[in-house]
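Here the structure comes first, spelled out in structure tokens, and everything after it is commentary.
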Amino acid sequence: MEFSTPLIRATLIRRYKRFLADCRLEDGREITAHCANPGSMMGLAEPGMTVWLEPNDDPKKKLKYGWRLVEHDDGHFTGVDTSVPNRALKTALMAREIPELAAYETVRPEMKYGDKSRIDFLLTQDGLPDCYVEVKSVTLSREKGLAEFPDSVTARGTKHLGELVKMVDAGHRAVMFYLIQRTDCSRFALARDIDPTYAAAFERAQQAGVERLIYATEISPQAITIGQPLPPA
């Protein structure tokens, strides 16, 4: 998935009210960017960090910049926009680039299901059970090389796991797809200490037959694409 507008480098001044970030551009101007991430962004929102912003000239948007990446001191990147995993995965699913899901021809995003919920992707194919795919953006890393989810308590995520279990019980496939939006991690684990309720719900979901897929990403200021599958820690 290529960014629609070339990203520009900036320095983070502060993130506040979850969805706002004050940044200093390389020409010295201070601007406010939209932060499309409702999570805690633990370790990713420290003042002075190098960030990459996507400008826009959309008259309907009040903020003319969107925060897309953090560039770490070692040259690695983290994608902070939680909408990116869905867009990147849609591209990969349409191209049948995810081997575990490549048998499905029809890809439908944001379909209603369960108890007033929407599944990120419903995959269908004649002769196969319908496949419900929920996508999670993984950006937390507290140990070198290890990515973790979630970075804060997520009652919504716990609800999604319960909905997926119901789909399995109804005879469908259900997949929890964790996309690691970091280039410095090669392993994945649940952050059980942050949200033990979610971790317990995940264990129940796996026992019920919900599948887990973990994929890395390739990230640059030009694009974010889905990379190779990763093992759990």
Atom SG in Cys131, atom CD in Glu100: separation rounded to 0.5 Å?
-> 10.5 Å

One should read off an interatomic distance between Ile226 CD1 and Glu97 CD, to the nearest 0.5 angstrom, of 8.0 Å

How long is the gap from CG on Asp130 to NE2 on His172, to the nearest 0.5 Å?
-> 5.5 Å

Quick one: does Met42's side chain get under 4.5 Å of Ile194's, heavy atoms only?
-> yes

What closest approach, in Å, do Ile224 and Val84 show between heavy atoms, and which atom pair accounts for it?
-> CD1-CG1, 3.8 Å

Compare all side-chain heavy atoms of Ile31 with those of Leu25 and state whether any distance is below 4.5 angstrom.
-> yes

Report the C-alpha separation of Val175 and Tyr132 in whole Å, then their side-chain angles, then the decisive distance to 0.1 Å, and conclude whether the side-chain contact (heavy atoms from CB on, under 4.5 Å) test is met.
-> CA-CA 6 Å; Val175 176; Tyr132 291 77; over 6 Å; no

Side chains of Asn37 and Asp81: closer than 4.5 Å at any heavy-atom pair?
-> no

Are the side chain of Thr217 and the backbone N or O of Ile219 linked by a donor-acceptor pair below 3.5 Å?
-> no

Tell me whether the centres of the aromatic rings in Phe77 and His72 are closer together than 6.0 Å.
-> no

Criterion side-chain contact (heavy atoms from CB on, under 4.5 Å) on Tyr104 and Leu122, from CA distance to verdict | CA-CA 10 Å; Tyr104 291 90; Leu122 173 59; over 6 Å; no

What pair of heavy atoms forms the shortest contact from Arg68 to Glu54, and how long is it?
-> NE-OE1, 2.8 Å

For Val165 and Ala205, which heavy atoms make the closest approach, and how far apart are they?
-> CG2-CA, 3.6 Å

With distance as the sole criterion, is a donor-acceptor pair present between the side chains of Lys62 and His34 under 3.5 Å?
-> no

CA sep, side-chain torsions, deciding dist, call: Ile8, Tyr65, side-chain contact (heavy atoms from CB on, under 4.5 Å) = CA-CA 10 Å; Ile8 60 174; Tyr65 297 88; 3.5 Å; yes

Would you call Arg192 and Glu148 a salt bridge, using N to O less than 4.0 angstrom?
-> no

Is a side-chain N or O of Asp184 found less than 3.5 angstrom from the main chain of His76, in a donor-acceptor match?
-> no

Pick from Lys90, Gln181, Lys136: which one makes a side chain to side chain contact (heavy atoms under 4.5 Å, CB included) with Pro85?
-> Gln181

Are Tyr113 and Leu164 side-chain neighbours, meaning at least one heavy-atom pair lies under 4.5 Å?
-> yes

Return yes if some donor-acceptor pair links the side-chain N/O of Asp22 with the main-chain N/O of Arg14 below 3.5 Å, else return no.
-> no

Between Asp193 and Arg142, is the closest basic N to carboxylate O distance under 4.0 Å?
-> yes

Determine whether the aromatic ring centres of Tyr178 and Tyr215 lie less than 6.0 Å apart.
-> no

Shortest non-hydrogen contact from Met1 toward Ala88 | CB-CA, 4.3 Å

Please check if atom CZ in Arg212 has more than 12 non-hydrogen atoms from other residues, nucleotides or ligands closer than 6.0 Å.
-> yes

ILVMFWY network linking Leu230 to Leu179, side-chain heavy atoms under 4.5 angstrom = no

Using atom types as modelled and distance alone, determine if a side-chain donor or acceptor of Asn56 lies under 3.5 Å from a backbone N or O of Leu63.
-> yes

Would you call the rings of Phe149 and Tyr198 parallel, tilted or perpendicular, where under 30° means parallel and over 60° means perpendicular?
-> perpendicular

Sub-4.5 Å side-chain heavy-atom contact between Thr32 and Tyr16 | yes

Would Leu44 end up clustered with Val51 when hydrophobic side chains under 4.5 Å apart are linked, directly or stepwise?
-> yes

Leu20 side, atom CG; Cys35 side, atom SG - distance, nearest 0.5 Å | 8.5 Å

Under the 3.5 angstrom rule, does the side chain of Thr158 hit a backbone N or O of Thr154 as a donor-acceptor pair?
-> yes

Correct closest heavy-atom pair for Lys64 and Pro59 would be NZ-CA, 3.9 Å

Under 4.5 Å between any side-chain heavy atoms of Lys159 and Ser117, yes or no?
-> yes

Give the intermediate values and the outcome of side-chain contact (heavy atoms from CB on, under 4.5 Å) for residues Ile119 and Val133.
-> CA-CA 7 Å; Ile119 192 68; Val133 182; 5.5 Å; no

Take atom CD of Glu2 as the centre, draw a 6.0 Å sphere, and report whether it contains more than 12 heavy atoms from other residues, nucleotides or ligands.
-> no

Is Thr50 reaching over with its side chain to a backbone N or O of Thr11, donor-acceptor style, under 3.5 angstrom?
-> no

With rounding to the nearest 0.5 Å, note down the distance linking CE in Met167 to CD in Glu134.
-> 12.0 Å

Quick one: do Asp58 and Lys60 make a salt bridge, cutoff under 4.0 Å?
-> no

Kindly give the heavy-atom pair with the smallest separation between Cys23 and Leu12, and that separation in Å.
-> SG-CD1, 4.1 Å

Would you call Leu89 and Ile98 a side-chain contact if the rule is heavy atoms closer than 4.5 Å?
-> yes

With the 4.5 Å side-chain cut-off for hydrophobic clustering, are Leu140 and Ile214 part of the same group?
-> no

Do Arg173 and Leu101 touch side chain to side chain, with heavy atoms closer than 4.5 Å?
-> yes

Where the side chain of Thr82 meets the backbone of Ala36, is there a donor-acceptor pair that is under 3.5 Å apart?
-> yes

Is the number of heavy atoms from other residues, nucleotides or ligands under 6.0 Å of Gln228 CD greater than 12?
-> no

In this structure, CD of Glu71 is separated from CH2 of Trp52 (nearest 0.5 Å) by 6.0 Å

Under 4.5 Å between side-chain heavy atoms, hopping through other hydrophobics if needed: is there a path connecting Ile180 to Leu213?
-> no

Can you hop from Leu53 to Leu69 via hydrophobic side chains spaced under 4.5 Å?
-> no

State whether the side chain of Arg24 and the backbone N or O of Glu30 hold a donor-acceptor pair below 3.5 Å, judged by distance alone.
-> no

Test item: Ser152 side-chain N/O and Gly39 main-chain N/O as donor-acceptor pair under 3.5 Å | no

